[in-house]
Amino acid sequence: MGWTLDLRPIRNPWADHALLTGGRALYVAQAFEEKCRSLLRFGHLTKGAEADPIASLEDLIARLPADQLLGGTLTSLASLLPAAHKHGETLTAARGARNYIAHESLHFDLHSTSREGLMERMDALRQQVRVLAEGDNLISTWLFHVEERDEPAPTHLVESYPLMIDQWVFEPVRALVAAAEA
């Protein structure tokens with residue numbers, strides 16, 4: 001049938017849990033993308049101020065290039081920040097994970113009662129969320145250093161962040177995942 005929802009009842013008892021999990025993953029993916037854009041804007045402002053030290057903030061903001069898609073943003077970050085180039089593999093993998101989460105992660109049949117197909121989706125999503133969390137942690141750490149120049153990054157947060165993301169995203173399907181791992 002051509003409609004996403006039809007007249008049949010949704011029979012998959014885990015559908016709402018999986019959709020909530022996917023929504024949480026998408027939230028992290030969108031936050032990662034926006035943080036990358038923010039970091040790039042800061043980099044452009046810094047370069048602009050260095051090139052024209054008497055320019056007003058309004059002029060520097062007016063000269064900011066238009067936002068790009070995530071791939072272009074990451075390429076531009078790598079050209080502005082030596083650290084971004086050094087961590088290119090992590091950021092490229094996070095970009096791929098973001099794309100998977102946004103475009104592929106929740107393709108499952110709402111009307112099927114099969115847990116196996118849904119578990120495959122959740123397993124694949126978990127792998128991608130972990131990859132995304134690594135890139136998001138990196139970008140978040142850089143943004144922290146931009147915003148709090150004189151403060152050391154909170155190492156307890158940096159070290160635990162990927163696990164925190166994993167636990168928060170997958171909390172809605174924890175029982176399903178535990179049953180599958182048993």
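These values consider heavy atoms only, across backbone and side chains, with no hydrogens, waters or symmetry-generated copies.
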Engineer: Answer yes or no: is there a side-chain heavy-atom contact under 4.5 Å between Tyr100 and Gln127?
Structural biologist: no
Engineer: Any salt bridge between Glu33 and Arg37, counting N to O under 4.0 Å?
Structural biologist: yes
Engineer: Quick one: does any side-chain atom of His17 pair with a main-chain N or O of Pro172 as donor and acceptor, under 3.5 Å?
Structural biologist: yes
Engineer: Any donor and acceptor pair, going by atom type alone, linking the side chain of Asn137 with main-chain N or O of Pro162 inside 3.5 Å?
Structural biologist: no
Engineer: Please name the pair of heavy atoms, one in Ser140 and one in Tyr161, separated by the smallest distance, quoted to 0.1 Å.
Structural biologist: OG-OH, 4.5 Å
Engineer: For Phe144 versus Ala153, what's the shortest heavy-atom pair and its separation?
Structural biologist: CE2-CA, 3.5 Å
Engineer: Using a 4.5 Å cut-off on heavy atoms from C-beta on, say whether the side chain of Leu157 contacts that of Met164.
Structural biologist: yes
Engineer: If you take all heavy atoms of Ala93 and Val131, which pair is closest and at what distance?
Structural biologist: O-CG1, 3.3 Å
Engineer: What's the separation between atom CG in Leu125 and atom CG in Leu132, rounded to the nearest 0.5 Å?
Structural biologist: 10.0 Å
Engineer: Work out which heavy atom in Leu91 is nearest to a heavy atom in Gly135; give both atom names and the distance.
Structural biologist: CD2-O, 4.2 Å
Engineer: Mind checking the CG-CD spacing from Asp136 to Glu134? Nearest 0.5 Å is all I need.
Structural biologist: 10.0 Å
Engineer: Aromatic ring centroids of His145 and Trp142 under 6.0 Å?
Structural biologist: no
Engineer: Please determine whether the number of non-hydrogen atoms from other residues, nucleotides or ligands lying under 6.0 Å from atom CG of Asp16 exceeds 12.
Structural biologist: no
Engineer: Can you list the steps and then say if Trp14 with Met122 is a side chain to side chain contact (heavy atoms under 4.5 Å, CB included)?
Structural biologist: CA-CA 11 Å; Trp14 292 99; Met122 292 297 103; over 6 Å; no
Engineer: Test of understanding: clusters of I, L, V, M, F, W, Y form through side-chain heavy atoms closer than 4.5 Å, transitively. Do Phe32 and Val146 belong to the same one?
Structural biologist: yes
Engineer: Distance from Arg126 atom CZ to Ser105 atom OG, nearest 0.5 Å?
Structural biologist: 14.0 Å
Engineer: Rounded to the nearest 0.5 Å, what separates atom CG in Asp166 from atom CD in Glu171?
Structural biologist: 12.0 Å
Engineer: Compare all side-chain heavy atoms of Val129 with those of Phe170 and state whether any distance is below 4.5 angstrom.
Structural biologist: yes
Engineer: Is Arg174 close to Gln167 at the side-chain level, that is, under 4.5 Å between some pair of heavy atoms?
Structural biologist: yes
Engineer: Counting N and O atoms only, with roles assigned by atom type, does the side chain of Arg121 sit under 3.5 Å from a partner on the main chain of His107, one being a donor and the other an acceptor?
Structural biologist: yes
Engineer: Minimum heavy-atom separation for Ala18 and Leu106, please, with both atom names.
Structural biologist: O-CD2, 3.7 Å
Engineer: Which atom names give the shortest non-hydrogen contact between Ile101 and Ala29, and what distance separates them?
Structural biologist: CG2-CB, 4.2 Å
Engineer: Nearest 0.5 Å, please: how far is CD in Glu34 from CD1 in Ile139?
Structural biologist: 12.0 Å
Engineer: Quick one: pull up CZ in Arg24 and CG in Leu19 and give me the separation to the nearest 0.5 Å.
Structural biologist: 13.0 Å
Engineer: Check whether any side-chain heavy atom of Lys35 sits under 4.5 Å from a side-chain heavy atom of Gln30, and report yes or no.
Structural biologist: no
Engineer: Same cluster or not: Leu118 versus Leu20, using hydrophobic residues (I, L, V, M, F, W, Y) connected whenever any side-chain heavy atoms lie under 4.5 Å apart?
Structural biologist: no
